[in-house]
Amino acid sequence: MHETKANSDLASNEGDQAYLRLQYPKIADVLVWPELVEAFRQHEDAAKRLKLGSRRNCLFSIGSIVLSLATTLVGTSPMFAPLVSGHPAGAYVVAVASFLLLVLALLFGNGILYGRKRDDWLKHRLIAERLRHFYFQTILGNLSSICCGSSLERRRFIEDRGRTLERVLRRLRSPGYRQAVLGDEALQEARLVDFGEVNAEAIDAEYFQELEQYWIELRFNWQGEYATQQLARKASALPFSGSLADQEHSVSRIEFITTAGIVALQALAVAGMFIYAPGSPVIEGSMLGASILAILVVGLQAFKDGLGLTNDLSRNRVYASYTAKLLRDFVSAQRIPDRAAQVRIMQEMEDLAYFETREFLYTHSTARFSL
């Protein structure tokens with residue numbers, strides 16, 4: 001396989017088409033689909049941009065409410081009471097600051113800005129992934145034309161698929177499509193293409209052999225490796241970017257360190273009660289510090305819940321395992337050979353890909369901050 005790049009399974013990067021023509025010369029002409037790639041990039045780029053804005057708003061929301069709670073706690077604590085009461089507008093400043101931070105938290109977290117960005121992100125992400133599904137389903141639904149060995153049949157297929165793409169795009173971009181997928185518990189929306197019956201007599205063995213290798217490399221392995229990468233961790237202690245496992249580990253590690261800080265400060269406060277008089281700065285400072293750290297822990301948990309990190313990890317773990325199983329079954333059928341079983345497994349892979357996308361959509365459509 002050539003250098004792995006995002007979306008090379010759709011031949012959307014520089015050098016991908018040349019690679020396909022080199023490795024799969026008999027079927028490369030049907031694997032290259034510029035019109036679909038152009039539509040995919042439109043929604044892929046929008047999804048990436050909107051996801052960044054949505055995650056930024058999530059972070060701002062959590063940070064704002066944590067700061068609001070901390071400001072209120074500090075402003076009303078006995079330690080800082082003399083400082084606040086000693087200034088004519090001290091209490092007013094604390095109250096206004098806490099209120100404004102709370103308003104920002106609500107605005108970014110559950111209000112207009114966050115909700116719109118998240119919904120737009122999920123809409124474009126769903127369309128992009130459904131176009132990916134459509135690309136592979138179109139190949140599966142036209143195996144007899146693609147693998148028949150007739151260049152005329154393949155040209156006819158290439159001419160006809162453009163009309164099908166326009167029809168599917170109208171469906172995917174319709175206002176109610178996202179809700180239709182969310183409510184699709186029976187997975188009736190999985191197939192955008194009618195697979196029909198494969199005419200085994202029309203299949204050329206050499207063409208189908210190329211398709212087998214292509215499907216192993218750029219469907220089974222590509223999907224499995226992506227999911228597995230999301231489960232892999234870097235060696236650094238606190239990797240804040242990278243895989244889902246990296247992000248989840250970083251948040252969990254900070255939670256652990258913060259919780260340890262709470263226990264240490266609480267122990268210091270208890271010890272201070274035996275040593276110092278009531279109202280000692282040591283006791284009050286320890287209790288205040290422990291309270292602020294407790295607020296931070298709640299904020300970290302809300303951040304993790306709002307991003308759906310735990311659910312995303314579980315979903316990718318299941319997806320990677322089941323994709324690996326389908327690949328094993330496919331290779332076993334290939335050795336027999338059992339072409340009907342191979343086609344059935346390829347179709348099952350497409351159902352699995354839709355299931356994974358729907359679970360992703362459901363997780364992030366229902367994610368809520370738990371502050």
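Note that the structure is predicted; figures quoted are calculated from it, not measured.
A donor atom on one side chain and an acceptor atom on the other are found under 3.5 Å apart for Asn7 and Arg132. If you check the side chains of Ser243 and Asp246, you find a donor sitting under 3.5 Å from an acceptor. Side-chain contact annotation: Thr71 with Ser98, donor-acceptor N/O pair under 3.5 Å absent. Residues Glu348 and Tyr322 have side chains that bring a donor and an acceptor to within less than 3.5 angstrom of each other.
Ring centers of Phe134 and Trp33: under 6.0 Å apart, within the cut-off. For Trp215 and Phe330, the distance between ring centers is not under 6.0 angstrom.
Scanning both residues, Glu153 and Cys148, for their nearest heavy atoms gives CB-SG, 3.5 Å. Scanning all heavy atoms of the two residues, the minimum distance from Gly224 to Thr323 falls at N-CG2, 3.8 Å.
The cluster map of Ile, Leu, Val, Met, Phe, Trp and Tyr, joined by side-chain heavy atoms under 4.5 Å apart, puts Ile139 and Ile158 in the same cluster. The hydrophobic clustering, which links ILVMFWY residues whose side-chain heavy atoms are closer than 4.5 Å, places Val93 and Val96 apart. Two different hydrophobic clusters hold Tyr226 and Val318 under the rule that ILVMFWY side chains link at heavy-atom gaps under 4.5 Å. Follow the hydrophobic side-chain contacts under 4.5 Å out from Leu187 and you reach Leu326 in the same cluster.
For the pair Arg191 and Tyr354, the NZ or CZ position fails the cation-pi test of under 6.0 Å to the six-membered ring centre and within 45 degrees of the ring normal. Both tests pass for Arg339 against the ring of Phe208: distance under 6.0 Å to the centre and angle within 45° of the axis.
The residues Arg155 and Glu159 are annotated as not salt-bridged, no charged nitrogen and carboxylate oxygen being separated by less than 4.0 angstrom. With salt bridges taken as basic N to acidic carboxylate O contacts below 4.0 Å, none links Arg130 and Glu189. Arg154 and Asp29 are joined by a salt bridge, as a carboxylate oxygen and a charged side-chain nitrogen come within less than 4.0 angstrom of each other. A salt bridge links Glu255 to Lys304: one of the charged nitrogens lies within less than 4.0 Å of a carboxylate oxygen. The residues Arg41 and Glu44 are annotated as not salt-bridged, no charged nitrogen and carboxylate oxygen being separated by less than 4.0 angstrom. At a threshold of 4.0 Å, the pair Lys48-Asp45 does not count as salt-bridged, since none of the basic side-chain nitrogens sits closer than that to a carboxylate oxygen.
Taking the six-membered ring for Trp and thresholds of 30 and 60 degrees, His364 and Trp121 have ring planes more than 60 degrees apart, a perpendicular arrangement.
Paired with Tyr319 under the rule side-chain hydrogen bond (donor to acceptor under 3.5 Å, both in side chains), one option of Glu359, Gln223, Gln230 passes, and it is Gln223.
The closest side-chain heavy-atom distance from Phe303 to Ser61 is not below 4.5 Å. The shortest side-chain heavy-atom distance between Leu165 and Leu169 falls under the 4.5 Å cut-off. Inter-residue side-chain proximity for Tyr362 and Thr366 is flagged as met; some heavy-atom pair is nearer than 4.5 Å.
Side-chain atoms of Asp184 come within 3.5 Å of backbone atoms of Gln188 as a donor-acceptor pair (strictly under, hydrogens ignored). Using modelled atom types, no side-chain atom of Asp204 and backbone atom of Cys147 make a donor-acceptor pair closer than 3.5 Å. Thr76 places a side-chain N or O within 3.5 Å of a backbone atom of Thr72 that can act as its donor or acceptor partner. A donor-acceptor pair under 3.5 Å is formed between the side chain of Arg358 and the backbone N or O of Val181.
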Run the side-chain hydrogen bond (donor to acceptor under 3.5 Å, both in side chains) check on Gln342 and Asp338 step by step: do they pass?
-> CA-CA 6 Å; Gln342 289 177 267; Asp338 186 343; over 6 Å; no
Please test Arg125 against His43 for side-chain hydrogen bond (donor to acceptor under 3.5 Å, both in side chains), starting from the C-alpha separation and ending with a verdict.
-> CA-CA 7 Å; Arg125 174 49 58 204; His43 294 284; over 6 Å; no
Side-chain polar contacts of residues 274-295 - donor-acceptor pairs under 3.5 angstrom, sequence neighbours left out - could you list them?
from: Ser280; atom 1: OG; to: Val282; atom 2: N; distance (Å): 3.3
from: Ser286; atom 1: OG; to: Val282; atom 2: O; distance (Å): 2.7
from: Ser291; atom 1: OG; to: Met287; atom 2: O; distance (Å): 2.9

